[in-house]
Trainee: 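What follows is a structure written as structure tokens; I'll ask about it next.
Naming: A, B, ... by sequence-line order, numbering from 1 per chain.
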Protein chains: 2
Amino acid sequence: MIQLNKHTDYGIVILTHFARYNDAPLLSAKNISDATSLSLPMVSKILKQLLKGGLLKSYQGVKGGYQLSRNPDEISIGEIIEVLDGPLALTECTASTQGACKTEHSCSIKPHWAAINRVMRDALIKLPLSSMTSPIPLWSENDSKRNQIQEKTFYPLKIRIGEKNEHD
Amino acid sequence: MIQLNKHTDYGIVILTHFARYNDAPLLSAKNISDATSLSLPMVSKILKQLLKGGLLKSYQGVKGGYQLSRNPDEISIGEIIEVLDGPLALTECTASTQGACKTEHSCSIKPHWAAINRVMRDALIKLPLSSMTSPIPLWSENDSKRNQIQEKTFYPLKIRIGEKNEHD
DNA sequence: TAAAATAGTACTAAAAAGGTACTGTTTTAT
DNA sequence: ATAAAACAGTACCTTTTTAGTACTATTTTA
Ligand code: FES
Ligand code: FES
């Protein structure tokens, strides 16, 4: 299911909380833990990763805590994932990586992997954290069916990327 | 790194092979194994999954083998992933899933997860298998830098989805 | 009837994820 | 000074998932 790991999942929840309380001066790990029902060690660990990744600023001491390093509309979901889970790539085999595959010499699709990775990364890099805090979700009840994962759908595809149109 | 599992990775390689030899009558598991340097049991296992998922047709017996059930431009990379790895969702917690999270009652972003999942799924569903077989990759050497994963990039985002423009 | 192929199931070793514990450092308030 | 509350860093262990293999049965052709 190509699932986000829990850390990343929690990280998005946590940062969404920061985005929602962006007015508040500082939020401590304890604050977040209480608000999200995640264990304190867990929250603490994730906050440290986000700090290291440059998405949060921290202040030590008894009145310390964390805050977003940028505005919520200047942080993307894709960026969060990259900080907590590494590069946004579905395959480690791209044109730029050498020696990742043992079947490399006989593989003819290596140069094409980049397409898959790029398509996916672009999509998530464009989605801002602020989209998680809008009071009314983008997809109302009416629309919810359209946005669910539909397993049995047939997708008629006529797109041929990188090929010239027959009528050219 | 949100990586595809090996089965799915191999599956795309295998189907790309089918797409490239779409003229050939039937390809056996042995054929594929030889062509891809993947072990026969492995190939066999993946072919069965693809069959079950409706992407391949099979014929038994000594002259048997597999072939694509549709044209390569009518099969999407996203669909392949869904067959081999389950629903294309980054989180299992969506508006439609109930009881997936224990912190469900206190979670305010549940309705927003769908945005992340949809953005990602749409991107991959639009990418056809045929894009893996074009002789010259979409991204030439010149372009390769642009398509690599750039870790330190800053992304100025001003997109606010679902919010009205101030000047409206 | 033997050979070559698909069909289906089950098992195991290795790797990754998830979570917790522990120790140290910095700042504030008494 | 000193205690308390917060961040900082590291290491460990358990559980789950992944990856790969093995084995048996069925189908078709020569
Ligand atoms: S998949 Fe890596 S070389 Fe082909
Ligand atoms: S993440 Fe599942 S309920 Fe909030």
Side-chain angles (χ1 to χ4, degrees), chain A residues 1-11 13-14 18 24-69 81 84-86 90-92 100-103, chain B residues 1-11 13-14 18 24-34 36-67 69 81 84-86 90-92 100-103:
Chain A
M1 178 177 155
I2 318 218
Q3 209 164 347
L4 289 180
N5 62 34
K6 297 283 185 184
H7 285 25
T8 310
D9 190 320
Y10 299 159
V13 172
I14 289 172
F18 272 99
L26 286 177
L27 293 176
S28 71
K30 184 82 173 37
N31 291 154
I32 305 290
S33 173
D34 291 344
T36 59
S37 309
L38 298 172
S39 79
L40 184 54
M42 195 84 251
V43 168
S44 182
K45 188 177 188 176
I46 295 166
L47 289 173
K48 284 168 202 165
Q49 285 183 269
L50 293 171
L51 175 75
K52 203 173 165 190
L55 298 181
L56 290 177
K57 285 188 293 188
S58 72
Y59 300 91
Q60 284 191 329
V62 67
K63 282 281 185 182
Y66 296 88
Q67 66 184 180
L68 291 181
S69 65
I81 296 175
L84 292 176
D85 203 34
L90 289 178
T91 64
E92 56 184 348
C101 294
K102 42 186 171 182
T103 62
Chain B
M1 181 178 154
I2 319 217
Q3 209 165 346
L4 289 181
N5 62 35
K6 297 282 186 185
H7 283 30
T8 310
D9 190 322
Y10 298 159
V13 173
I14 289 172
F18 271 100
L26 286 177
L27 294 175
S28 70
K30 184 84 175 35
N31 290 154
I32 304 290
S33 173
D34 292 343
T36 60
S37 309
L38 298 172
S39 78
L40 184 54
M42 194 86 252
V43 169
S44 183
K45 188 179 189 175
I46 294 167
L47 289 174
K48 284 169 202 164
Q49 285 184 268
L50 292 171
L51 175 75
K52 204 174 166 191
L55 298 180
L56 291 176
K57 286 188 291 187
S58 72
Y59 300 91
Q60 284 191 330
V62 68
K63 282 280 186 185
Y66 296 88
Q67 67 184 178
S69 64
I81 297 175
L84 292 176
D85 202 33
L90 290 178
T91 65
E92 56 185 347
C101 294
K102 40 186 172 181
T103 63

Trainee: Quick one: closest heavy-atom pair of G11(B) and L84(B), and the distance?
Mentor: CA-CD1, 3.6 Å
Trainee: With a 3.5 Å distance limit and no angle check, can you tell me whether D85(A) reaches the backbone of T8(A) through a side-chain donor-acceptor pair?
Mentor: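 Side chain of D85(A) to backbone of T8(A), a donor-acceptor pair under 3.5 Å: no, none is there.
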Trainee: Judged by each residue's nearest nucleotide on DNA chain D, which is more toward the 5′ side, L4(B) or L51(A)?
Mentor: L51(A)
Trainee: Atom CG of L68(A) and atom CG of L56(A): how far apart are they, to the nearest 0.5 Å?
Mentor: 6.0 Å
Trainee: Whole-Å distance between dC7(D) P and L47(A) CG?
Mentor: 7 Å
Trainee: How many angstroms lie between NZ in K45(A) and CE in M42(A), if you round to the nearest 0.5 Å?
Mentor: 5.0 Å
Trainee: Mark up nucleotides 20-30 of chain C, 5' to 3', with B wherever a protein heavy atom is under 4.0 angstrom from a base atom, S wherever such an atom reaches only the sugar-phosphate, and - elsewhere.
Mentor: B-----BBS--
Trainee: Tell me: NZ of K6(A) to C1' of dA16(C), nearest whole Å?
Mentor: 15 Å
Trainee: Please determine if a side-chain N or O atom of S28(A) lies less than 4.0 Å away from the OP1 or OP2 oxygen of dC7(D).
Mentor: no
Trainee: Is any side-chain N or O of Y10(B) closer than 4.0 Å to OP1 or OP2 of dA19(D)?
Mentor: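 For Y10(B), the contact criterion (side-chain N or O under 4.0 Å from OP1 or OP2 of dA19(D)) is not met.
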Trainee: Atom CD1 of I46(A) and atom P of dC7(D): how far apart are they, to the nearest Å?
Mentor: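 Atom CD1 in I46(A) sits about 14 Å away from atom P in dC7(D).
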Trainee: Using atom types as modelled and distance alone, determine if a side-chain donor or acceptor of N31(A) lies under 3.5 Å from a backbone N or O of S28(A).
Mentor: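 Present.
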Trainee: To the closest 0.5 Å, what do you measure between CG (L27(B)) and CG (L47(B))?
Mentor: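 Reported value, rounded in 0.5 Å steps: 9.5 Å.
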Trainee: To the nearest Å, how far apart are L40(A) CG and dA6(D) P?
Mentor: 9 Å
Trainee: Check the distance between dA15(C)'s C1' and N5(A)'s CG and give it to me in whole angstrom.
Mentor: 15 Å
Trainee: Could you state the CD-P distance from Q49(A) to dG19(C), rounded to the nearest angstrom?
Mentor: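 Going from CD in Q49(A) over to P in dG19(C) covers 13 Å.
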Trainee: With distance as the sole test, does Q67(B) use its side chain to make a donor-acceptor pair with the main-chain N or O of P25(B) at under 3.5 Å?
Mentor: yes
Trainee: Below 4.0 angstrom from OP1 or OP2 of dA7(C), is there any side-chain N or O of Y66(B)?
Mentor: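 Yes.
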Trainee: Closest-nucleotide mapping onto DNA chain C: is D85(A) or G65(B) further toward the 5' terminus? I mean the 5' end.
Mentor: G65(B)
Trainee: Can you measure Y59(B) atom OH to dA7(C) atom P for me and round it to whole angstrom units?
Mentor: 11 Å
Trainee: Within this structure, what is the NZ-to-P distance between K52(A) and dG9(D), rounded to whole angstrom?
Mentor: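 That distance rounds to 8 Å.
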